[in-house]
S.K.: 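Provided herewith is a single structure, encoded as structure tokens, for subsequent inquiry.
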Amino acid sequence: MKIAVIGTGYVGLVTGACFADLGHTVVGVDKDEEKIQRLNRGEVTIYEVGLPELLSRSLGRTLAFTSDTDEAVRSSEIVFITVGTPQGEEGGADMSYVIKAASEIAASIKGYKIIVNKSTMPVGSTRLVERVIKEKTEGEEFDVISNPEFLREGTAVRDFMSPDRIVIGTESQKAAGIMAELYRPLNAPLFITDPASAEMIKYSSNAFLATKVSFINAIANICEAVDADVKEVAMGMGYDHRIGFEFLRSGPGFGGSCFPKDCQALIEIARGSGYHFHLLEGVMRVNQEQIRLTVKKVERRLGGLAGKNVAVWGLAFKANTDDVRDSPAVEIVRLLMQGVAKVRAYDPQAMDNACELLPGLECAHDAIEAAAGADLLLILTDWDELKMQDFRRVGEVMKSREILDARNCLEPLALRRLGFNYEGIGR
Ligand code: NAD
């Protein structure tokens, strides 16, 4: 099939590259001309495992990139909208990029097309995009459908190619049939429902996962007070198949470009419907507290922050991505710097992005350089590269062997044997 993907960010680029790899003819469109030039030169604009291989296989064959929305839409049967829906000033999703993209698509519709809302959009967005396009077209046949994306940064290609389910929200049998055919090679359960339910599925899923994270973080804080180990607690809980092991890892809180903004958007959707979502507000509060608690722990361990040398390992909001949007690590480093601690940081992939958000941050070229002379080492992202460091060497270069492992990703006993004063979260 012929596909246009409007927006070549984390979701759009992976979506386009995966469909191209499945043999479809894909054109990725972005307003950012520099990004398009880089992609056309074969540069991969984001860090995502498996993406460089996909792009190099398809570029110039089944995959092309352009800034020309008109040409891309004209030549496509299916148009995916994958532009950003960041948090707006009132807390709800800012739909301005989607509306702009829909208007641009409308100007180029000739003959039947399916317009797919793949970005995360509030309930009613399928109708909204439909209205925008209808107002700008005359008698053209098209369907707007909801097809939320569930991929995770860090495992995006694998998630896209082997999804747990594909959700399609449409009342058009024609569109549902074409989408089923498009996704058939993935061999995943296809859940076809109405547009509003599809839109709610995406927000409810993210809010539920965020709730699990805040829940285990709250439990971790109690564990510390009662001398229990949250890792043991989570393991014991996870054996119950109704609960499961996933998303029960305590840490510095959830972040990234999705959970915080999608939870906030769902709180606003609820408010708009007349329901006060106390539970999700609590989830967000626990998450914010977790950031402050991590900073407090550093402060307590060092007897104050001013003038103390803190080595930070990890700035991305989670391992295996260069994304620092709404990263708890970035917020924690900002607070440490506000407390006039001397922070030297290292992240395997997110240094450039983090330095843009944290002017004045001292950046190290590797983990050992970050740790050199530090009064305390703070682990904020659980990259394998960081977990597998030679801690004997780390201890030698540090001023004091103090570790705060805010991801609970290191082995306390082994570190204590090397003379480290180890502290995790909830252990
Ligand atoms: P992103 O910011 O990385 O990418 C958006 C891209 O759209 C940018 O490159 C921007 O230049 C481009 N763009 C904006 N307006 C455009 C227009 N009119 N025409 C062409 N290009 C345009 O965003 P993202 O992280 O890929 O997220 C996109 C959507 O997918 C959001 O709604 C997000 O909530 C959702 N989502 C994201 C993830 C994730 O892990 N990042 C996962 C699932 C869903």
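Numbering of ligands and ligand atoms starts at 1, following listing order. Excluded from the calculations below are hydrogen atoms, water molecules and symmetry mates; all remaining heavy atoms, backbone and side chain alike, are included.
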S.K.: For Asn287 and Ser214, which I'm curious about, is there any donor-acceptor pair between the side chains at under 3.5 Å?
M.R.: no
S.K.: Salt bridge or not for Arg325 and Asp323, using N-O below 4.0 Å?
M.R.: yes
S.K.: Let me know which of Arg427, Glu411, Glu402 forms a side-chain hydrogen bond (donor to acceptor under 3.5 Å, both in side chains) with Tyr422.
M.R.: Arg427
S.K.: Parallel, tilted or perpendicular: which one describes the rings of Phe19 and His24, with boundaries at 30° and 60°?
M.R.: perpendicular
S.K.: May I have the N/O to N/O pairs between ligand 1 and the protein that fall below 3.5 Å, each with atom names and distance to one decimal?
M.R.:
unit_1: ligand 1; atom_1: 2 (O); unit_2: Arg325; atom_2: NH1; d: 3.2
unit_1: ligand 1; atom_1: 3 (O); unit_2: Tyr10; atom_2: N; d: 3.3
unit_1: ligand 1; atom_1: 9 (O); unit_2: Asp30; atom_2: OD1; d: 3.4
unit_1: ligand 1; atom_1: 9 (O); unit_2: Asp30; atom_2: OD2; d: 2.6
unit_1: ligand 1; atom_1: 9 (O); unit_2: Lys35; atom_2: NZ; d: 2.6
unit_1: ligand 1; atom_1: 11 (O); unit_2: Asp30; atom_2: OD1; d: 2.6
unit_1: ligand 1; atom_1: 18 (N); unit_2: Glu104; atom_2: OE1; d: 3.2
unit_1: ligand 1; atom_1: 21 (N); unit_2: Lys31; atom_2: N; d: 3.3
unit_1: ligand 1; atom_1: 25 (O); unit_2: Arg325; atom_2: NH2; d: 2.9
unit_1: ligand 1; atom_1: 26 (O); unit_2: Tyr10; atom_2: N; d: 3.0
unit_1: ligand 1; atom_1: 26 (O); unit_2: Val11; atom_2: N; d: 2.8
unit_1: ligand 1; atom_1: 32 (O); unit_2: Thr85; atom_2: OG1; d: 2.5
unit_1: ligand 1; atom_1: 32 (O); unit_2: Thr120; atom_2: N; d: 2.9
unit_1: ligand 1; atom_1: 34 (O); unit_2: Thr120; atom_2: OG1; d: 3.4
unit_1: ligand 1; atom_1: 34 (O); unit_2: Lys261; atom_2: NZ; d: 2.6
unit_1: ligand 1; atom_1: 40 (O); unit_2: Glu153; atom_2: OE2; d: 3.3
unit_1: ligand 1; atom_1: 41 (N); unit_2: Glu153; atom_2: OE2; d: 2.7

S.K.: Determine all donor-acceptor pairs shorter than 3.5 Å in which one atom belongs to a side chain in residues 88-97; sequence neighbours excluded.
M.R.:
unit_1: Asp94; atom_1: OD1; unit_2: Ser96; atom_2: N; d: 2.9
unit_1: Asp94; atom_1: OD1; unit_2: Ser96; atom_2: OG; d: 2.7

S.K.: Tell me if a side-chain donor or acceptor on Asp159 pairs with a main-chain N or O of Arg152 at a distance below 3.5 Å.
M.R.: yes
